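Have a look at the structure below, then the notes.
Just so you know, residue 1 is the first one in the sequence shown, and it goes up from there. Just so you know, these numbers come straight off a predicted model, no measurement behind them.
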Amino acid sequence: MQVLCTLGDLDAAQARGVTIERDGLPLELFVVRREDEIFAYVDRCPHAGLPLAWVADQYLDASGEFLVCATHGARFDIASGECRGGPCGGRGLTPLPVRVEGDRVVLDE
């Protein structure tokens, strides 16, 4: 079990970047909270293969409605990771299974 963050680390509409080790290699991901739901995705735009955020923990657009790639402006649905606009060509983010245990968000592997 890998703890990614605590619920206190995430406001009701906030995301946080996290680095974990998987198979001996670092994996960049982010955790996003929308009200009482928690989602996690690999921090890589399917269009360019770059991290989504240029500034630490800045994964959401100004409205807080979509995840956004700072490089090309692609927008992704928070709950599904599906592309909702921009140059991602219908591809989506890679989801990671998470669950909440007490006040901790853990990778559900």
Side-chain angles (χ1 to χ4, degrees):
M1 170 179 69
Q2 290 196 46
V3 176
L4 303 179
C5 63
T6 68
L7 292 176
D9 293 332
L10 299 168
D11 290 334
Q14 185 182 5
R16 175 176 289 259
V18 179
T19 302
I20 63 169
E21 185 176 306
R22 184 179 254 183
D23 300 325
L25 298 171
L27 175 65
E28 302 290 329
L29 60 101
F30 63 93
V31 179
V32 60
R33 181 176 183 174
R34 186 173 65 185
E35 298 176 15
D36 293 332
E37 296 181 284
I38 306 291
F39 307 94
Y41 297 97
V42 173
D43 190 3
R44 190 172 326 120
C45 178
H47 168 244
L50 300 169
L52 266 65
W54 279 349
V55 176
D57 303 330
Q58 297 296 312
Y59 294 94
L60 298 169
D61 68 357
S63 71
E65 294 294 315
F66 294 97
L67 298 163
V68 65
C69 176
T71 303
H72 295 106
R75 296 188 185 286
F76 302 91
D77 182 78
I78 292 173
S80 69
E82 293 176 7
C83 180
R84 296 292 187 218
C88 45
R91 294 172 285 172
L93 300 173
T94 302
L96 296 166
V98 292
R99 70 179 184 276
V100 176
E101 288 188 359
D103 71 337
R104 300 178 306 170
V105 178
V106 299
L107 194 59
D108 193 13
E109 296 185 291

What pairs with Glu28 under side-chain hydrogen bond (donor to acceptor under 3.5 Å, both in side chains), at least two apart in sequence or on another chain?
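Only Thr19 meet the side-chain hydrogen bond (donor to acceptor under 3.5 Å, both in side chains) criterion with Glu28.
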
According to a 4.5 Å side-chain heavy-atom criterion applied to Ile, Leu, Val, Met, Phe, Trp and Tyr, with indirect links allowed, do [X] and [Y] form part of one hydrophobic cluster?
{"X": "Val105", "Y": "Leu107", "result": "yes"}
{"X": "Phe76", "Y": "Leu96", "result": "no"}
{"X": "Val31", "Y": "Ile20", "result": "yes"}

Specify the closest pair of heavy atoms between [X] and [Y], including all atoms of both residues, with the distance to one decimal.
{"X": "Arg75", "Y": "Phe66", "result": "CB-CB, 4.1 Å"}
{"X": "Cys5", "Y": "Asp9", "result": "CB-OD2, 3.4 Å"}
{"X": "Ala40", "Y": "Val98", "result": "CB-CG1, 3.5 Å"}
{"X": "Val18", "Y": "Leu4", "result": "CG2-O, 3.6 Å"}
{"X": "His47", "Y": "Pro87", "result": "CD2-O, 2.9 Å"}
{"X": "Phe30", "Y": "Leu67", "result": "CE1-CD2, 3.7 Å"}

Could you grab the distance from atom [atom1] of [X] to atom [atom2] of [Y], nearest 0.5 Å is fine?
{"X": "Arg16", "Y": "Tyr59", "atom1": "CZ", "atom2": "OH", "result": "10.5 Å"}
{"X": "Cys69", "Y": "Trp54", "atom1": "SG", "atom2": "CH2", "result": "8.5 Å"}
{"X": "Leu29", "Y": "Leu52", "atom1": "CG", "atom2": "CG", "result": "12.0 Å"}
{"X": "Leu93", "Y": "Cys83", "atom1": "CG", "atom2": "SG", "result": "8.5 Å"}

Closer than 3.5 angstrom, by distance alone: can the side chain of [X] be matched with the main-chain N or O of [Y] as a donor-acceptor pair?
{"X": "Tyr41", "Y": "Ile78", "value": "yes"}
{"X": "Arg104", "Y": "Val3", "value": "no"}
{"X": "Asp77", "Y": "Ser80", "value": "yes"}

Would you say that more than 12 heavy atoms from the other residues, nucleotides or ligands in this model lie under 6.0 Å from the CZ of Arg44, or not?
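No, because the 6.0 Å sphere around CZ of Arg44 holds 12 heavy atoms or fewer from other groups.
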
For residues 32-39, tabulate all N or O donor-acceptor pairs below 3.5 Å that involve a side-chain atom, not counting sequence neighbours.
from	atom 1	to	atom 2	distance (Å)
Arg33	NE	Glu35	O	2.9
Arg33	NH1	Leu7	O	3.2
Arg33	NH1	Leu10	O	3.0

